[in-house]
Visitor: 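Quick one: structure below, then a few questions.
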Amino acid sequence: MRTKPVLLVIAHGSRDARHAATVHALVRRVRSLRPGLRVETGFLDFNVPSAHGVLESLAAEGVRDVVALPLLLTRAFHAKADIPAVLRDAPARLRIRQAEVLGPSPLLLAALERRLHEAGLTPADKPSTGVVLASAGSSDPEAIAVIADIARKWRSTGWCAVRPAFASASLPRTEDAVRELRELGCARVAVAPYVLAPGFLPDRIARGAAQADVLADVLGPAPEVARVLLERYDAARTPALTALGA
């Protein structure tokens with residue numbers, strides 16, 4: 001029986017200890033959904049083990065096939081430059097396929113709604129509630145366009161309005177989007193962080209949500225997020241994709 005490729009989840013990393021703890025919780029959930037699949041975690045910066053170090057260790061063990069999955073919600077600099085650079089520097093014996101980033105996905109919208117419901121909203125609140133889709137932000141136009149498109153699609157599911165906001169690099173900020181929804185006449189304003197783990201920028205989103213009625217938690221180890229990881233893994237391991245370094 002052919003061995004399944006190892007799934008290597010590559011996270012950005014952070015000086016904030018909550019970031020790595022959340023990443024590890026998400027990976028544990030992925031393992032629980034797919035018993036028998038080997039899932040490893042590596043970081044680009046700040047935390048250990050490094051993604052490069054994990055790849056070296058896997059090669060030393062004799063592993064041949066790896067699916068490298070960027071733990072990112074949009075295709076911005078880290079997905080387009082940093083992670084491919086790490087994979088190019090991996091041991092030559094490894095056959096590595098880079099999976100797509102997590103977003104966009106209907107499952108992520110389901111995870112956002114889960115977090116809002118956990119924060120106190122009910123389905124009956126949707127028509128009177130405006131939502132701020134608050135992301136970390138990026139200078140990459142493709143990533144910004146994706147967030148705006150997600151907000152438009154999410155609005156069509158019944159919310160009073162949905163506005164994108166960004167914690168860095170782009171505008172508007174969370175507090176500006178909250179104010180806009182108030183002026184629009186939404187009876188209630190909720191902020192939904194479109195981020196995977198706590199840290200500096202999510203904390204900035206939380207501060208910007210001070211005048212909102214509801215602040216949801218980060219996506220974290222929501223079961224829908226874990227399912228997206230497995231979807232990306234399954235798609236990447238199909239023969240149609242070309243392996244890096246093969």
Side-chain angles (χ1 to χ4, degrees), residues 16 18-19 21-23 25-26 29-30 32-33 71-74 101-137 143-168 170-229 231:
D16 189 319
R18 296 173 298 168
H19 175 89
T22 303
V23 170
L26 174 57
R29 187 177 287 275
V30 172
S32 73
L33 292 177
L71 195 62
L72 302 167
L73 294 171
T74 59
V101 298
L102 304 186
S105 167
L107 284 170
L108 294 178
L109 283 182
L112 287 166
E113 298 224 356
R114 171 189 291 274
R115 293 303 188 223
L116 286 170
H117 294 160
E118 290 169 350
L121 292 181
T122 69
D125 294 323
K126 290 184 81 168
S128 59
T129 302
V131 179
V132 178
L133 179 67
S135 75
I144 298 304
V146 166
I147 298 300
D149 188 56
I150 292 170
R152 284 192 295 270
K153 290 178 179 176
W154 202 15
R155 162 69 181 86
S156 69
T157 66
W159 296 103
C160 173
V162 179
R163 294 289 186 271
F166 307 93
S168 68
S170 305
L171 295 174
R173 295 286 183 257
T174 301
E175 54 269 32
D176 299 325
V178 169
R179 189 179 309 112
E180 180 186 351
L181 290 171
R182 292 278 189 218
E183 293 171 353
L184 190 64
C186 297
R188 167 187 314 101
V189 177
V191 174
Y194 190 60
V195 293
L196 288 165
F200 177 76
L201 293 179
D203 284 349
R204 181 179 289 177
I205 289 171
R207 291 193 297 273
Q211 300 305 313
D213 301 292
V214 174
L215 171 62
D217 199 357
V218 299
L219 296 173
E224 296 86 356
V225 179
R227 287 168 56 196
V228 176
L229 265 70
E231 284 188 354

Visitor: Can you tell me if Arg29 uses its side chain to pair, donor with acceptor, with the backbone of Pro221 under 3.5 Å?
Guide: yes

Visitor: Is the shortest side-chain heavy-atom distance between Thr129 and Cys186 below 4.5 Å?
Guide: no

Visitor: State plainly whether the residues Arg115 and Glu118 are in salt-bridge range, i.e. N to O under 4.0 Å.
Guide: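 Counted as a salt bridge, because a side-chain N and a carboxylate O are separated by less than 4.0 Å.
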
Visitor: Quick one: closest heavy-atom pair of Ile144 and Ser170, and the distance?
Guide: CD1-OG, 3.1 Å

Visitor: Is Ser168 reaching over with its side chain to a backbone N or O of Ala136, donor-acceptor style, under 3.5 angstrom?
Guide: yes

Visitor: Return the minimal non-hydrogen interatomic distance between Val191 and Ala134, and the atom names on each side.
Guide: CG1-CB, 4.1 Å

Visitor: Looking at Arg155 and Cys160, would you say the former's side chain and the latter's main chain have a donor-acceptor pair under 3.5 Å?
Guide: yes

Visitor: Between the side chains of Arg207 and Asp203, is the shortest nitrogen-to-carboxylate-oxygen separation below 4.0 Å, so that they form an ion pair?
Guide: no

Visitor: In Å and rounded to the nearest 0.5 Å, what is the CG to CG distance from Leu116 to Asp125?
Guide: 10.0 Å

Visitor: Pro123 versus His117: any side-chain heavy-atom pair under 4.5 Å?
Guide: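 Yes, their side chains come closer than 4.5 Å.
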
Visitor: Is it the case that the side chain of Asp213 and the backbone of Ala190 share a donor-acceptor pair, with hydrogens and angles ignored and the cut-off at 3.5 Å?
Guide: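 Between the backbone of Ala190 and the side chain of Asp213 there is no qualifying donor-acceptor contact (under 3.5 Å).
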
Visitor: Would you say that Val218 contacts Arg18 through its side chain, given a criterion of any heavy-atom pair below 4.5 Å between the two side chains?
Guide: no

Visitor: Could you pull out the closest heavy-atom pair between Pro104 and Tyr194, with the gap in Å?
Guide: CA-OH, 4.4 Å

Visitor: Are more than 12 heavy atoms from other residues, nucleotides or ligands located less than 6.0 Å from atom CD of Gln211?
Guide: no

Visitor: Going from CG on Leu109 to NZ on Lys153, what distance comes out if it is rounded to the nearest 0.5 angstrom?
Guide: 9.0 Å

Visitor: Is a salt bridge present between Asp217 and Arg114, judged by a nitrogen-to-oxygen distance below 4.0 Å?
Guide: no

Visitor: Side-chain contact, heavy-atom cut-off 4.5 Å: Leu215 with Pro193?
Guide: yes

Visitor: Report yes if the side chains of Leu71 and Leu229 come closer than 4.5 Å at any heavy-atom pair, otherwise no.
Guide: yes

Visitor: Checking Arg173 side chain against Phe166 main chain: does a donor-acceptor pair fall under 3.5 Å?
Guide: yes

Visitor: What pair of heavy atoms forms the shortest contact from Ala143 to Thr74, and how long is it?
Guide: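 Nearest heavy atoms, Ala143 then Thr74: CB-OG1, 3.6 Å.
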
Visitor: Tell me, do Leu219 and Leu112 make a side-chain contact under 4.5 Å, heavy atoms counted?
Guide: yes

Visitor: Do you know which two heavy atoms are closest between Pro172 and Pro164, and how far apart they sit?
Guide: CG-O, 3.4 Å

Visitor: To the nearest 0.5 Å, how far apart are CZ in Arg227 and CG in Leu108?
Guide: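 Rounded to the nearest 0.5 Å, the CZ-CG separation comes to 11.0 Å.
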
Visitor: Between CD of Glu180 and CD of Glu175, what distance do you get to the nearest 0.5 Å?
Guide: 13.0 Å

Visitor: Of all heavy-atom pairs between Ile147 and Leu133, which one has the smallest distance, and what is that distance?
Guide: O-CD2, 3.7 Å

